[in-house]
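Working notes, beginning with the structure itself.
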Amino acid sequence: MWTGIIIAVAVLLGLAAVFGALLGFAAERFKVEGNPLVDQIDALLPQTQCGQCGFPGCRPYAEAINNGEAINKCPPGGEATINALADLLDVEPQPLDAEHGAAQAKRVAVIREDECIGCTKCIQACPVDAILGAAKHMHTVIESECTGCDLCVEPCPVDCIDIIVIEPDIRSWTWAPPVVLDKAPNEVPSATDARVIATDSQAETREASLL
Amino acid sequence: MALVQQSSPHAHRARPTSRVMLWVIIAAVPGLLAQTVFFGWGNLINVVWCIALALATEAAILKWRSKPVGFFLKDNTAAVTGLLLGLSLPQFAPWWVSAVAVFSAIVVAKQLYGGLGSNPFNPAMVGYALVLISFPLAMTTNWAAPVGLWQDAPGFGETLSAIASGQQTAVDGWTMATPLDEYKHKVGSHTAAEITIHPTFGNFVARGWEWVNAAFLAGGLVLLALRIISWHIPVGFLGGLVAMSLLFGTNADQYAPLSLHLLAGGTMLGAFFIATDPVSAATSHQGKLIYAVGIGALVYLIRSWGNYPDAVAFSVLLMNFAVPFIDYYTPPRTYGHHKARRGLPTRKQD
Amino acid sequence: MATKTSREIIRDGLWSNNPALVQVLGLCPLLAVTSTVVNALGLGLATLLVLMGSNLAVSLIRNFVNESVRLPAFVMIIASFVTCAELLMQAYTYELYQILGIFIPLIVTNCAILGRADAFASRNPPGLALLDGAMMGLGFLAVLVVLGAMRELIGQGTLFADMHLLLGPVAAEWTLRPFADYPNMLFMMLPPGAFMGLGLLIALKNVIDSRIEEKRKAAQVETVSAGSKRVRVTGSLS
Amino acid sequence: MTQLWNFGGGVHPPENKSQSNSRPIRPAGLPAKLILPLQQHIGEPARCIVEPGQKVLKGEVIAQVGNGMGVPVHAPTSGIVERISLEPVPHPSGMSDTCVVLIPDGEERWCELVPQPEYRKLERDQVLALIRQAGIVGLGGAGFPTNIKLRPSVDRKVDTLILNGAECEPYITADDMTMREKADQVMAGLRIMAWLLRPARVVIGIEENKPEAIAALRQAAEGSKTEIAVIPTIYPSGGEKQLIQILTGQEVPSGGIPADIGVMCQNIGTAVAVADAILQGKPLISRVMTATGEALAEPGNFEVLVGTPTSHLLTCAGVDKQRMSRLVLGGPMMGYTLPNTDIPLIKPSNCVIAASASELPAPAPEQPCIRCGQCAEACPMELLPQQLFWHAKATEFEKAEHLNLFDCIECGACSYVCPSSIPLVQYYRFAKGEIRLQRAEQQKSDRARVRFEARQQRLDREQQEKDQRRKDRALAAAKAQEQKTADAQTRAQDGTVTDERAGKSALVEQALARKKAKTAAASAERTEPSTQLSEEAAPSETFAPENADKTPAAETAPSVEELEQQLTQAQAKLEKMQSMLEDARSGQAPNVDKLERAVDKNIERVRRAQRAIDDAQQQAVPANRNAEPALSRSND
Amino acid sequence: MATMAQSISRSAIGLGLFAVITGGTIALTQAVTKERIAEQAARAEAAALFEIIPESAHSNDMLNDTISLPDAAVLNSGEAPSAWVARQQSDLVGFIIPVTATDGYSGDINLLVGITPSGELLGVRVTGHHETPGLGDRIETRKSDWVYQFNGHSLANTPGKQWNVKKNGGEFDQFTGATITPRAVVKAVHKTLVYVRKHQAEIRQSLGLPVERGNRKQRNAVASHFSEPEH
Amino acid sequence: MTEYLLILVSTILVNNFVLVQFLGLCPFMGVSGKLETAMGMSLATTFVLTLSSVCSYLAYTYLLEPLNLAFLKTITFILVIAVVVQFTEMVVRKTSPLLYRVLGIFLPLITTNCAVLGVALLNLNRNNNFVESLLYGFGAALGFSLVLIFFAAMRERIAVSDVPVAFRGAAIGMVTAGLMALAFLGFTGLVSV
Ligand SMILES: Cc1cc2nc3c(=O)[nH]c(=O)nc-3n(C[C@H](O)[C@H](O)[C@H](O)COP(=O)(O)O)c2cc1C
Ligand SMILES: Cc1cc2nc3c(=O)[nH]c(=O)nc-3n(C[C@H](O)[C@H](O)[C@H](O)COP(=O)(O)O)c2cc1C
Ligand SMILES: Cc1cc2nc3c(=O)[nH]c(=O)nc-3n(C[C@H](O)[C@H](O)[C@H](O)COP(=O)(O)O)c2cc1C
Ligand SMILES: Cc1cc2nc3c(=O)[nH]c(=O)nc-3n(C[C@H](O)[C@H](O)[C@H](O)CO)c2cc1C
Ligand code: SF4
Ligand code: SF4
Ligand code: SF4
Ligand code: SF4
Ligand code: FES
């Protein structure tokens with residue numbers, strides 16, 4: 001009986017030692033560092049740099065996600081970003097974490113120029129250098145570069161910065177998706193939904209001043 | 001006065017889904033009639049029972065999912081599913097076999113996936129396959145013998161009570177092995193001549209079955225003419241079957257002859273009514289051909305070497321399974337492109 | 001990782017992180033051997049024992065393994081437990097062992113076990129690890145048995161048939177036949193029935209969870225305040 | 001006989017053309033006012049060059065080309081500019097855009113016109129400039145500036161010029177009637193375009209359901225090399241890409257334009273407009289439009305001034321308001337509904353359908369797609385409409401794009417045949433819009449990332465430099481200190497022992513003074529003294545979030561602390577403002593009043609913050625969170 | 001390179017250590033349970049045999065009392081099949097032959113056929129098959145009593161034509177819906193009986209019986225063929 | 001030759017590892033959310049499964065059997081598999097980042113894929129020789145890949161359907177797998193092995 005056991009142990013020991021050595025060799029020989037995933041995650045974040053996620057900027061959050069942080073903490077990105085991240089990381093999308101703020105419409109900062117005292121505080125606060133101006137001179141926001149992060153609002157001593165929602169105009173307008181009537185009647189979204197322009201499924205009618 | 005606001009187009013061709021489905025039902029009538037003429041009342045009773053049950057089940061499940069019941073019932077698709085089950089189940093299948101089939105077709109195969117349009121598998125065939133493997137006894141012994149071979153032919157009332165009695169097997173003498181079954185079990189040990197002595201083969205190909213198949217073929221041609229189905233699927237299906245048959249030889253002592261493959265069992269019903277189920281079939285022309293040829297080949301394969309004498313249900317399900325994949329790789333070539341873009345969009349990598 | 005309380009471990013294993021219903025792991029034995037209660041119970045018990053043993057062992061040695069051989073080491077521990085279980089079953093419930101076939105040795109690759117070893121036992125003290133193993137094992141066992149009962153009942157119209165294979169002659173008479181004259185629904189005994197049965201169980205759990213969640217929501221008022229976790233990325237006020 | 005090819009797909013909707021093509025083209029006359037949108041074309045809006053109250057002549061330019069691609073807008077009649085304002089314009093969104101509103105004076109006084117019947121003697125570029133000055137855009141659909149289209153880039157030679165007389169949409173007969181009645185003008189315009197492009201082949205494609213137009217054009221084209229190709233009646237044979245395929249067998253590459261394969265396609269109406277512009281010098285101020293539909297007593301074609309309100313045209317055609325349930329601008333396949341009849345008709349508008357409820361009934365509600373493939377059969381672009389639909393509906397835009405969503409020409413053939421009456425085209429439009437938005441956002445966020453990283457680098461660099469400077473200075477100071485200590489020591493050694501203590505305190509005092517001076521000097525580098533603190537704190541804070549927020553404890557921490565922090569911040573702000581104000585006052589700076597206002601505001605803010613703290617302290621600890629919104633409101 | 005060597009040795013030793021512990025555990029368990037397992041396996045194997053010839057009906061160690069059969073290809077039961085012999089004291093009770101029916105509905109059906117020395121069936125059992133559950137599986141005793149009807153039949157009391165299912169004009173019941181499976185079993189059993197009659201002489205010889213009844217010399221069983229079945 | 005072909009047909013279709021034999025289900029359910037990943041997983045599994053089938057065969061035939069250590073087979077096989085997997089992962093990671101992106105992340109999952117150990121054990125049960133072991137492993141992997149890829153494509157479609165909430169995710173996946181298994185029952189009897 002004991003010889004059997006000893007043979008068994010010896011064989012297994014031999015195998016294990018060989019395999020262990022192999023793995024030890026490989027661990028050393030094929031060592032790699034770095035992770036390209038962070039870049040991919042970062043590319044999906046909106047780069048608003050607003051810190052609402054609880055991280056100082058998008059990249060730190062990207063790194064945190066790579067280390068297992070939840071993906072639902074970026075309000076500016078909203079659902080679209082969460083879905084994109086979920087897709088990339090192959091996890092279930094979660095609803096936006098309300099503790100970090102709610103998803104908002106696209107916004108920009110506007111400086112009320114006659115009130116601006118030229119203190120340059122906002123310039124220092126803007127993470128993307130979207131504010132132009134020199135000391136003691138009126139400042140302006142470059143609208144196309146502003147991410148709407150509202151970090152400049154707080155530091156302004158005279159509160160002359162407004163964050164305004166970008167209203168769609170005729171040139172930025174896009175079609176809304178049709179409304180589908182396959183829910184029970186009480187679940188049908190109301191036809192007065194602002195995004196609904198016209199649908200085939202629900203002939204929405206508008207008052208018209210005829211002639 | 002208010003003006004209607006709507007996105008284009010403002011004109012629509014008037015052939016709604018419900019009408020399409022109605023046409024499918026109408027086109028199946030010749031086949032049903034032929035079945036009734038050649039195999040008695042069984043199919044008719046089954047069809048009525050299955051349709052009623054299908055509608056009731058669909059209504060119940062829609063209610064449970066809090067969907068508008070009337071709106072969806074009116075599309076007639078549940079009726080088509082019930083109809084096709086009724087047409088394909090054995091004539092003397094006990095009522096509960098049909099019920100299980102209808103229930104699994106409507107609930108499991110259709111509504112669990114979101115109802116009309118979303119089901120990846122053909123509901124009727126799911127129901128059929130499920131009862132076939134669940135109740136092999138009831139599903140293999142209840143085929144009616146063709147009219148003329150009945151000893152003591154059952155009338156409508158007797159058929160109805162046989163079905164309603166719920167017995168797993170019908171009265172001996174009313175039933176008979178189907179030609180495919182018979183051939184399958186004797187081929188190899190018997191010669192073709194010996195096999196076809198059996199009365200189920202009749203004088204031509206397969207007594208009764210040949211006419212039923214012809215009737216379904218006729219109905220299918222109507223659907224083709226109405227452009228409710230496109231030619232790719234029936235042609236692919238039958239083409240695949242014929243090609244396999246020619247490939248493996250026409251020696252009737254070894255393999256069932258082509259005529260039997262084409263005119264017995266559910267071949268025509270399958271080719272024109274079942275494989276063509278638009279929801280679970282492939283999308284593009286090329287995809288449809290691949291899908292249908294696959295079904296035809298599998299039918300031959302399983303009929304010749306597998307355990308199941310008629311393989312339409314399994315073949316259809318197997319190819320349904322491949323459909324999403326086929327669809328990814330057979331998009332049509334779009335105007336202005338050199339070749340079709342196959343597969344998935346590659347993720348943008350920067 | 002914050003250590004979990006035993007309460008959480010119990011709840012996790014049995015319900016909220018159930019290996020079969022939530023993690024959807026260990027599916028092969030789960031589906032393959034659940035055609036009857038007795039098979040399910042047999043494999044479930046074996047898995048439970050192995051899980052407890054391996055969790056305990058891994059937790060004990062958790063500070064001594066080096067990274068490159070971690071996985072093989074864990075796997076070896078599990079494999080040794082499994083082999084012991086296999087040998088014991090062969091010795092004491094031979095018929096059952098034959099029915100369960102290769103799924104006994106395949107406990108080794110039950111992802112749930114290695115998963116627990118790696119995710120929990122290797123980071124927690126032995127006591128908790130043992131508890132976790134027990135709870136995960138019980139959760140798995142429970143699903144196995146429920147699925148087994150469901151399939152046995154629908155598939156062949158019996159419950160607790162052939163229990164003597166596991167529990168000895170006393171159990172030979174335990175078979176229940178709730179329906180007289182039941183036409184066996186073979187589908188349930190075959191692979192498709194296994195998949196669908198589990199699908200049904202998972203859906204059932206979802207339904208229950210959402211009910212509980214609704215109740216909880218109704219009882220609880222919203223306390224998070226939007227945006228409370230913001231961090232400044234630039235500048236500061238002074 | 002011209003060789004014809006087929007294109008895939010296509011549908012045969014009922015034509016409904018006889019209602020409007022049985023009457024000759026009638027003038028629609030002068031409406032009470034004309035509304036002229038500044039943008040009636042693809043490109044940038046034109047720049048308005050008139051003022052309210054200004055009198056303008058017929059044909060006078062009232063808006064010049066803006067800074068992008070575009071064409072001018074002309075006054076369609078003489079009159080007075082009433083206002084320049086946002087008015088609803090013909091657009092699927094039903095939104096408003098800037099328009100010039102013109103009140104006609106009824107005199108119809110033309111400005112001076114310069115006909116160029118001898119255009120062949122001019123440079124090509126001159127002729128193109130005339131076309132542009134005449135405000136001509138494509139009248140067949142998109143409204144693309146014709147002069148740009150007629151000047152293909154050097155590497156693309158146009159071999160085939162196609163005149164699109166297909167008019168495949170039901171109801172519309174504007175081109176049909178134009179061809180019948182103005183065949184000579186059509187040919188004249190075609191000749192001008194042919195002269196500009198020098199194509200090897202000139203074809204006019206006309207659907208076979210317009211025999212009169214075919215006859216008229218055949219007659220007018222007698223003797224020229226122009227081919228009159230009679231093409232089968234199938235929608236959308238008039239689509240540029242389809243027509244090109246029918247007439248040449250070639251396909252316009254995806255994402256490209258017809259010029260890429262040496263083809264150009266122009267509309268009948270465009271040809272007439274070109275002829276008028278060159279031969280008579282008339283700008284594009286009116287066009288032929290079809291007014292049809294069951295709600296009209298006398299449907300037909302009208303010569304309509306650009307900017308005419310729809311109501312005017314409808315009145316001309318004898319509208320029965322009660323019967324009208326839907327007003328479509330364009331054809332029933334591609335047109336869009338108008339919300340009211342005030343909306344003006346513009347250059348690319350070719351048809352108004354005042355439909356009764358039975359004529360264009362509301363479709364059944366959308367049902368699920370049954371993948372029947374009818375749509376794919378109908379699609380002239382050979383797309384997979386149902387797949388596009390599934391992806392668009394599921395907002396899987398990447399996949400929709402992969403299946404060539406952007407090749408869809410929105411012809412509506414798929415929706416037309418769909419048995420489940422799915423508004424497919426709307427889904428595609430939605431998806432296209434979203435994709436464009438996403439692209440724009442992606443671009444913007446990429447830019448933001450670059451800017452953010454650049455800023456971080458800059459800050460780091462500055463910080464390093466500053467650190468370096470400080471180190472240098474510290475080093476220097478230390479050296480000096482050493483020197484001093486050494487000096488002091490030597491002095492102490494030299495001096496009396498009683499002096500030692502005094503010497504030491506003197507040293508300390510000196511050091512303090514130096515430090516003060518240094519701080520002052522450093523802050524002088526910046527605009528204001530206290531900035532330095534924040535500046536120096538910034539980098540460390542940038543990556544170390546306020547620890548109170550990071551630790552779990554912060555979640556439960558009483559918000560009184562936060563409030564206090566807010567208060568100190570507000571106080572700090574206030575102090576700073578006050579000091580700035582004093583500075584400004586002493587310096588007689590111009591922004592004194594601004595600063596006064598700011599100081600007042602900050603005093604108020606401090607008070608509010610104080611109040612909020614008091615409130616918060618009174619309440620129980622859990623309630624503190626609720627105080628927070630009040631505070632953030634106080635920031636307004 | 002030092003790290004490499006270190007890494008190698010560390011891993012090797014670490015894994016080796018585990019190997020010793022785990023290997024030891026397994027080997028120990030195996031050593032402890034070995035005998036019981038062998039016994040269990042043997043008993044399981046024997047269960048079917050004992051159903052045909054119960055333990056009360058014989059006294060020898062039937063499992064180890066086997067004879068090899070001549071020319072057994074007809075039985076399709078493996079390369080060198082051997083039959084188990086049951087004896088009560090010195091009387092020969094019967095022997096059990098493993099047989100395979102190849103023409104089942106799907107795949108082979110493995111049978112054990114027990115025969116008395118006089119060629120009468122002691123019993124038939126199915127040990128393995130792939131027939132359709134619910135249809136063909138009624139050849140199992142767990143599912144139906146069908147196989148018991150063979151008991152007592154012999155070539156003598158059942159003429160050749162009767163060795164078929166009733167449907168084909170034979171003696172034996174088929175079951176509803178499945179004729180192929182029972183026919184295959186009946187055929188195989190019949191074939192076995194025919195085989196035994198044909199090879200009577202050899203079998204008697206290897207049983208240690210005189211070709212002419214009389215010589216009852218005991219012979220040691222040929223036990224070596226029996227091997228533990230793979231699981 | 002036909003014999004080998006039959007092994008392939010049998011393992012790919014008739015006795016499909018996933019749908020009929022219940023092996024490798026965890027990755028089958030877990031990595032089938034996206035077609036792209038499913039393809040990566042298939043490649044990785046095919047490689048490992050074939051390799052470890054052969055390696056285990058060799059280890060058993062030339063080590064365990066001669067030494068009469070059959071009872072060590074489970075632990076030996078799993079050790080072989082773990083090492084093959086881990087070694088492959090390390091090598092791929094280092095040498096081909098591209099390949100690693102496609103397969104790398106799936107490799108660790110394969111250790112706990114029952115199919116891999118299952119193949120090793122079934123090779124013994126079936127007394128497969130070397131070539132048969134190779135083919136058996138390869139066929140099993142092909143069968144696994146086939147259903148995994150089809151299943152992934154199907155799940156992408158299901159993901160956009162209006163599935164009742166309780167069934168979203170794993171539950172409907174199970175039902176679908178069940179229906180697929182139902183379809184695969186059609187192959188029974190095709191090859192009697
Ligand atoms: C966005 C856009 C860009 C275009 N760019 C050019 C161009 O560069 N050169 C050109 O000759 N035509 C150009 N075209 C005109 C098209 O080739 C086409 O003739 C015109 O859009 C009329 O098409 P439709 O009415 O069928 O939509 C452009 C059209 C669009 C919509
Ligand atoms: C579906 C579809 C149908 C069209 N039908 C016509 C038509 O019947 N007649 C026409 O002149 N243009 C039609 N167009 C517009 C042409 O594609 C093309 O833009 C026009 O002929 C170019 O000429 P233009 O630049 O002079 O407008 C259609 C466009 C689409 C997308
Ligand atoms: C799915 C299926 C499974 C079957 N399984 C069996 C079986 O296990 N055994 C059998 O004898 N016949 C089986 N059959 C064959 C049929 O029941 C066949 O009709 C019958 O055996 C012929 O018998 P008959 O001569 O009594 O009609 C099966 C048939 C089907 C369709
Ligand atoms: C040509 C055609 C064939 C059909 N075939 C089937 C079928 O085989 N099985 C079925 O359940 N429904 C069939 N239907 C009905 C319908 O498509 C089916 O119920 C959907 O699969 C339900 O989502 C068919 C419909 C059409 C138009
Ligand atoms: S919340 Fe979003 S946008 Fe703001 S910093 Fe975090 S990741 Fe960037
Ligand atoms: S201007 Fe203000 S809102 Fe805009 S990006 Fe800069 S800090 Fe953010
Ligand atoms: S026509 Fe409509 S129902 Fe048919 S496939 Fe296209 S979108 Fe679906
Ligand atoms: S609208 Fe687009 S998808 Fe539909 S038929 Fe026209 S081109 Fe095809
Ligand atoms: S249990 Fe088989 S792969 Fe997980």
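A, B, ... follow the sequence lines: proteins, then strands. Residue 1 opens every chain. All values reported here derive from a predicted model rather than from experimental measurement. Computed from heavy atoms alone, side chains included, the values below leave out hydrogens, waters and symmetry copies.
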Is it the case that atom CG in Asp320(D) sees more than 12 heavy atoms from other parts of the structure closer than 6.0 Å? yes

For chain B, which candidate among Gln242(D), Arg371(D), Glu377(D), Met334(D) shows the most heavy-atom pairs at distances under 4.5 Å? Arg371(D)

Just so I understand: if I count every heavy-atom pair under 4.5 Å between each of Gln387(D), Lys399(D), Gln250(D), Lys241(D) and chain B, which residue has the most? Lys241(D)

Please classify the contact between His285(B) and chain D as side chain, backbone, both or neither, with a heavy-atom cut-off of under 4.5 Å. side chain

Val279(B) versus chain D, heavy atoms under 4.5 Å apart: side chain, backbone, both or neither? both

Side-chain contact test, heavy atoms from C-beta onward, threshold under 4.5 Å: evaluate it for Cys372(D) versus Val20(B) and give yes or no. no

Okay, Ile229(B) and chain D: the region with an atom under 4.5 Å from a heavy atom over there is neither

Between Leu338(D) and chain B, which part of the residue has a heavy atom less than 4.5 Å away: side chain, backbone, both or neither? backbone

Verify whether one side chain among His10(B) and Glu359(D) offers a donor that lies under 3.5 Å from an acceptor in the other. no

Mind checking which of residues 325-333 of chain B sit less than 4.5 Å from chain D, heavy atom to heavy atom? Tyr328(B), Pro331(B), Pro332(B), Arg333(B)

Within-4.5 Å side-chain heavy-atom neighbours: Gln5(B) and Arg326(D): no

For chain B, which candidate among Val252(D), Val11(D), Leu360(D) shows the most heavy-atom pairs at distances under 4.5 Å? Val252(D)

Given that the side chain runs from C-beta out, which part of Met333(D) has a heavy atom under 4.5 Å from chain B: side chain, backbone, both or neither? both

Residues Leu116(B), Ile370(D); criterion side chain to side chain contact (heavy atoms under 4.5 Å, CB included); working and verdict: CA-CA 7 Å; Leu116(B) 175 62; Ile370(D) 54 168; 3.6 Å; yes

Would a 4.5 Å heavy-atom cut-off, applied to side chains only, mark Trp390(D) and Ser118(B) as touching? yes

If you count heavy-atom pairs within less than 4.5 Å of chain B, which of Gly373(D), Gly335(D), Pro14(D) leads? Gly335(D)

Stepwise side chain to side chain contact (heavy atoms under 4.5 Å, CB included) check, Gln386(D) with Thr283(B): CA-CA 9 Å; Gln386(D) 74 271 48; Thr283(B) 308; 2.8 Å; yes

Min side-chain heavy-atom separation Arg13(B)-Pro13(D) under 4.5 Å: no

Considering non-hydrogen atoms only, spot the tightest contact between His12(B) and Ser415(D) and give its length. ND1-O, 3.4 Å

Which atoms of Arg227(B) approach chain D - backbone, side chain, both or neither, heavy atom under 4.5 Å: both

Only distances under 3.5 Å count here; give the side-chain donor-acceptor pairs of residues 407-414 of chain D to other protein atoms, sequence neighbours excluded, each with its distance to 0.1 Å.
residue	atom	partner	partner atom	Å
Asp407(D)	OD1	Ser254(D)	OG	2.8
Asp407(D)	OD2	His337(B)	NE2	2.4
Asp407(D)	OD2	Ser254(D)	OG	3.2
Glu410(D)	OE1	Arg429(D)	NE	2.9
Glu410(D)	OE2	Lys432(D)	NZ	2.9

Kindly determine whether Ser8(B) and Tyr416(D) satisfy side chain to side chain contact (heavy atoms under 4.5 Å, CB included), including the steps that lead there. CA-CA 9 Å; Ser8(B) 67; Tyr416(D) 175 76; over 6 Å; no

Within-4.5 Å side-chain heavy-atom neighbours: Gln367(D) and Phe72(B): no

Segment of Val328(D) engaging chain B (4.5 angstrom heavy-atom cut-off): side chain

Who wins among Asn404(D), Ile261(D), Val425(D) for the most heavy-atom pairs under 4.5 Å with chain B? Asn404(D)

Do Gln245(D) and Tyr335(B) have side chains that get closer than 4.5 Å, going by heavy atoms? yes

Is a side-chain donor or acceptor of Glu382(D) paired with a backbone partner of Thr334(B) at a separation under 3.5 angstrom? no

Counterpart residues, side chain to side chain donor-acceptor pair (under 3.5 Å), relative to Ser349(D) (two or more places apart): none

Residue list, side chain to side chain donor-acceptor pair (under 3.5 Å) with Tyr113(B), at least two apart or on another chain: Thr176(F)

